[in-house]
Undergrad: 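Could you have a look at this structure, given as structure tokens, before my questions?
Letters A, B, ... are given to chains in the order of the sequence lines, protein chains preceding strands, and every chain is numbered from 1. Owing to the predicted nature of the structure, the values given are computational and were not obtained by experimental measurement.
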Amino acid sequence: MGIHQLMQFLKEKAPNCFRTLMLDYFAGRTIGCDASMAMYQFLIQTQSAGLTQIIELTDKEGNRTGHLVGLFNRTLQFLENGIKPVWVFDGKPPLLKSGELARRKKLKEEAKVKTELALEQGDMQQALLQNQRTTTISSIMKEDAIKMLQLMGCPVIIAPCEAEAQCAELCRAGKIYATATEDMDALTFRTPVLLRGFNTKKEPIYEIIYDDMIKELELTYEQFVDLCILCGCDYTEKIEGIGPGTAYKLIKEYKSIEGILEHVQKVNAEREKNNQNPKYTVPSKFLYQDSRELFITPLVQKGDELQLTWNKPDVDNLKKFLIEEKGFAESRIDNGLKRIAKKDPAGFQSRLENFFGKTTKIIHPNNSKAKAKSNKKTEQPQKSGGKKKI
DNA sequence: ACTCTGGTTCAAGACGTC
DNA sequence: TTAATTGAACCAGAGT
DNA sequence: GACGTCC
């Protein structure tokens with residue numbers, strides 16, 4: 001669930017950290033894309049109601065393929081626009097998240113029952129709605145997606161833990177320009193730039209700049225993390241009676257969750273004297289310190305150690321995989337590949353220079369050492385780079 | 001009146017052809 | 001021993 | 001642009 005109500009909170013308290021941008025703004029840039037989020041959207045959106053059953057896209061063995069169709073098309077759109085996507089997959093979630101995951105699993109099981117019921121009653125609209133909520137991603141589906149994206153020539157990263165944390169690390173290391181996700185957690189993991197609405201064709205795209213946000217809120221990073229925990233995160237329960245509004249006020253006044261807990265106890269003690277109900281309820285296991293650690297020093301692969309390269313699609317194996325194993329129509333693949341193949345690489349390169357040649361600001365200026373090594377790539381478009389053709 | 005919280009419920013894509 | 005995405009909108013009810 | 005289809 002990310003950080004509860006953080007988006008709305010930021011709109012109110014830090015309205016100037018947002019920008020709206022069109023897709024072409026990102027030409028020449030490298031973007032870290034949250035894969036699981038995108039897969040869910042595609043899987044859900046490719047379901048439809050038949051007369052007596054729900055129809056899903058599958059291969060001949062019954063494995064679902066809606067996510068492949070979506071990722072295939074969207075990746076082509078990116079490449080077509082000169083955007084270099086890095087698809088980042090979730091690894092094993094942290095132990096603290098198991099409570100939240102169990103909750104979601106239970107909801108999905110309930111939705112499954114409701115789907116069956118609706119099917120019996122012939123309420124296909126309801127059946128579709130409930131079936132969408134049962135959507136899960138199996139390991140086969142995930143492996144299929146990884147295989148396809150790699151055959152398309154895109155770098156794929158399987159994060160050791162949370163994908164958002166890995167993207168934030170890549171962004172701070174200068175390997176990507178931004179993290180594209182709907183999950184507001186990415187800001188808590190301190191991604192410098194967050195993009196929302198990036199994996200749908202609908203424009204504009206919303207960009208949130210971390211530095212602007214933190215300045216406007218007038219908080220330190222540590223205080224912002226505490227604020228997120230108080231709003232409600234995936235790792236621990238929250239204090240009942242404190243939402244985003246009061247959390248912000250209290251953080252300003254008492255500086256940290258420790259300070260707030262002291263204050264909370266005072267308030268509650270005072271009310272007990274007057275025979276009043278407690279104003280706030282601290283959960284019996286309020287694991288705010290562990291949560292903090294997960295946000296501030298998450299398990300990630302170091303950005304420096306990752307080399308991101310884009311290759312030309314492996315057309316033969318891609319077609320083999322998608323047509324023979326996944327049942328894709330050959331014409332769709334050919335059409336799709338044409339969209340990126342017919343672009344003359346030289347023309348492509350000069351187009352990027354047109355976009356950025358004059359106005360590019362190097363965020364991490366190369367010192368002479370880095371230049372000599374020349375393996376220190378940044379997210380900024382490179383004027384002479386581009387060894388890899390797309 | 002107003003603010004805030006907390007629970008519930010809904011929504012989440014793109015292509016090709018007409 | 002398998003799977004593990006989320007936000008937004010709405011409304012009721014409590015507290016100030 | 002709306003609509004059926006994508007697998």
Undergrad: With a non-hydrogen cut-off below 4.0 angstrom, is A:Leu6 in contact with a base, only sugar-phosphate, or nothing?
TA: nothing
Undergrad: Would you mind classifying the nucleic acid contact of A:Lys108 as base, sugar-phosphate or nothing, using non-hydrogen atoms under 4.0 angstrom?
TA: base
Undergrad: Both A:Asn199 and A:Arg133 contact DNA chain B. Which one's nearest nucleotide lies toward the 5' end?
TA: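 Going by which nucleotide is closer to the 5' end, it is A:Arg133.
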Undergrad: Are the side chains of A:Leu57 and A:Leu68 in touch, meaning some heavy atoms are under 4.5 Å apart?
TA: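 The answer is no; the side chains never approach within 4.5 Å.
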Undergrad: What nucleic acid atoms does A:Lys279 come within less than 4.0 Å of, heavy atoms only: base, sugar-phosphate, or nothing?
TA: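 Touches sugar-phosphate only.
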Undergrad: Would you kindly give the CG-to-P distance between A:Leu129 and B:dT9, to the nearest whole Å?
TA: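 In whole Å, B:dT9 P lies 11 Å from A:Leu129 CG.
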Undergrad: At less than 4.0 Å, is any side-chain N or O atom of A:Tyr40 found next to OP1 or OP2 of C:dA4? Yes or no.
TA: yes
Undergrad: Whether A:Lys142 contacts C:dA3 is assessed here as follows: a side-chain N or O lying under 4.0 Å from the phosphate OP1 or OP2. Is that the case?
TA: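 For C:dA3, OP1/OP2 do not have a side-chain N/O of A:Lys142 under 4.0 Å.
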Undergrad: Think A:Thr181 has a side-chain N or O under 4.0 angstrom from the OP1 or OP2 of C:dT6?
TA: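 Indeed not, no polar side-chain atom of A:Thr181 lies that close.
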Undergrad: Let's see if you can work this out: which of C:dA8, B:dG16, B:dA14 has an atom nearest to the side-chain heavy atoms of A:Asn335?
TA: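 It is B:dG16.
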Undergrad: Give one of base, sugar-phosphate or nothing for A:Asp34, where a contact means two heavy atoms less than 4.0 Å apart.
TA: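 No contact at all - A:Asp34 keeps every heavy atom at 4.0 Å or more from the nucleic acid.
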Undergrad: How many whole angstroms separate atom CD1 of A:Ile140 from atom P of C:dT2?
TA: 11 Å
Undergrad: To the nearest Å, give me how far apart CG (A:Asp183) and P (B:dA12) are.
TA: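 Spelled out: CG on A:Asp183 to P on B:dA12 is 19 Å.
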Undergrad: For the residue pair A:Glu164 and A:Thr191, confirm or rule out a side-chain donor-acceptor distance under 3.5 Å.
TA: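 Their side chains do not contain a donor-acceptor pair, so the 3.5 Å distance test is not met.
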Undergrad: How is A:Leu68 classified with respect to the nucleic acid when contacts are heavy atoms under 4.0 Å: base, sugar-phosphate, or nothing?
TA: nothing
Undergrad: Any idea which of C:dT16, B:dG13, C:dT6 is nearest the A:Val69 side chain?
TA: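 It is B:dG13.
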Undergrad: Answer with base, sugar-phosphate or nothing: what part of the nucleic acid does A:Gly336 contact at a heavy-atom distance below 4.0 Å?
TA: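 It contacts nothing in the nucleic acid.
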Undergrad: Within less than 4.0 Å of OP1 or OP2 of B:dC4, is there a side-chain N or O belonging to A:Lys249?
TA: yes
Undergrad: Side chains of A:Phe9 and A:Leu217, heavy atoms from C-beta outward: is any pair under 4.5 Å?
TA: yes
Undergrad: Check every strand shown and say whether A:Thr246 touches a base, only sugar-phosphate, or nothing at a heavy-atom separation below 4.0 Å.
TA: sugar-phosphate
Undergrad: Categorize A:Thr136 for me: base, sugar-phosphate, or nothing, with a 4.0 angstrom heavy-atom threshold over every strand shown.
TA: sugar-phosphate
Undergrad: Mind checking whether A:Phe198 and A:Phe78 have ring centres under 6.0 Å apart?
TA: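 For A:Phe198 and A:Phe78, the ring centres are under 6.0 Å apart.
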Undergrad: What is the distance from NE2 of A:His67 to P of C:dA3, rounded to the nearest Å?
TA: 13 Å
Undergrad: With rounding to whole Å, what would you report as the distance between B:dG13 and C:dA9 at their P atoms?
TA: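 Nearest-Å result for B:dG13 against C:dA9 at atom P: 15 Å.
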Undergrad: With a 4.0 Å cutoff (strictly under), does any side-chain N or O of A:Lys97 reach OP1 or OP2 of C:dT6?
TA: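 So the side-chain polar atoms of A:Lys97 do come within 4.0 Å of the phosphate oxygens OP1 or OP2 of C:dT6, strictly under.
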Undergrad: Between A:Ser36 and C:dA4, is there a side-chain N or O to OP1/OP2 distance below 4.0 Å?
TA: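 Result: no.
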Undergrad: For the residue pair A:Glu207 and A:Thr20, establish whether any side-chain heavy-atom pair is separated by less than 4.5 Å.
TA: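 A:Glu207 does not reach A:Thr20 side chain to side chain.
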Undergrad: Nearest to the side chain of A:Gln77 - C:dA3, B:dA14, D:dC7?
TA: B:dA14
Undergrad: Counting C-beta onward and ignoring hydrogens, is there a side-chain heavy-atom pair between A:Phe295 and A:Tyr235 closer than 4.5 Å?
TA: yes
Undergrad: Where the side chain of A:Thr58 is defined as all heavy atoms beyond and including C-beta, which of C:dA4, D:dC7, B:dG13 is the nearest nucleotide?
TA: D:dC7
Undergrad: Verify whether one side chain among A:Arg19 and A:Tyr25 offers a donor that lies under 3.5 Å from an acceptor in the other.
TA: yes
Undergrad: Mind checking if A:Ala329 touches a base, just sugar-phosphate, or nothing, with heavy atoms under 4.0 Å?
TA: sugar-phosphate
Undergrad: How many whole angstroms separate atom CG of A:Leu337 from atom P of B:dC15?
TA: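 Atom-to-atom, A:Leu337 to B:dC15, this comes out as 14 Å.
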Undergrad: Distance from A:Asn63 atom CG to A:Ser138 atom OG, nearest 0.5 Å?
TA: 6.5 Å
Undergrad: Which is more 5' along DNA chain B, the nucleotide nearest A:Arg332 or the one nearest A:Gly243? Just name the residue.
TA: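 With A:Arg332 and A:Gly243 compared, the 5'-side residue is A:Gly243.
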Undergrad: Could you verify whether a donor N or O on one side chain and an acceptor N or O on the other, from A:Ser48 and A:Glu56, lie under 3.5 Å apart?
TA: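 On atom types as modelled, these side chains do not qualify, holding no pair under 3.5 Å.
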Undergrad: Would you kindly give the CG-to-P distance between A:Leu107 and B:dT9, to the nearest whole Å?
TA: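 Those two atoms, CG and P, are 11 Å apart.
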Undergrad: Does C:dG15 have OP1 or OP2 sitting under 4.0 Å from an N or O in the side chain of A:Gln276?
TA: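 A:Gln276 to C:dG15 OP1/OP2: no side-chain N or O under 4.0 Å.
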Undergrad: Would you mind classifying the nucleic acid contact of A:Met39 as base, sugar-phosphate or nothing, using non-hydrogen atoms under 4.0 angstrom?
TA: nothing
Undergrad: Just to be sure I understand the rule, does A:Thr65 reach a base, reach only the sugar-phosphate, or reach nothing, if contact means heavy atoms closer than 4.0 Å?
TA: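 Contact class for A:Thr65: sugar-phosphate only.
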Undergrad: Could you check how far CG of A:Leu250 sits from P of B:dT5, rounded to whole Å?
TA: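 After rounding, the gap between these two atoms is 10 Å.
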Undergrad: Whether A:Arg104 contacts C:dA3 is assessed here as follows: a side-chain N or O lying under 4.0 Å from the phosphate OP1 or OP2. Is that the case?
TA: no
Undergrad: For B:dG6, take OP1 and OP2 only and decide whether either is under 4.0 Å from a side-chain N or O of A:Lys238.
TA: yes
Undergrad: Measure from CD on A:Glu143 to P on C:dA3 and round the result to the nearest Å.
TA: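 That distance rounds to 11 Å.
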Undergrad: For C:dG7, does either OP1 or OP2 sit under 4.0 Å from a side-chain N or O belonging to A:Arg196?
TA: no
Undergrad: Identify whether any heavy atom of A:Gly2 sits under 4.0 Å from a base atom; if not, whether one sits that close to sugar-phosphate; answer base, sugar-phosphate or nothing.
TA: sugar-phosphate
Undergrad: Where along residues 153-165 of chain A does a heavy atom come under 4.0 Å from DNA chain D, residue by residue in number order?
TA: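 Nothing qualifies; none.
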Undergrad: Reckon A:Glu56 touches a base, only the sugar-phosphate, or nothing at all at heavy-atom distances under 4.0 Å?
TA: base
Undergrad: Ignoring hydrogens, what is the shortest heavy-atom contact between A:Tyr40 and A:Ile137? Give both atom names and the distance.
TA: CE1-CD1, 3.3 Å
Undergrad: Given B:dA12, is OP1 or OP2 found less than 4.0 Å from the side-chain N or O atoms of A:Lys202?
TA: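 Checking A:Lys202 against B:dA12: no side-chain N or O falls below 4.0 Å of OP1 or OP2.
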Undergrad: Taking the side chain as every heavy atom from C-beta outward, state whether A:Tyr177 and A:Pro192 have any pair of such atoms under 4.5 Å apart.
TA: no
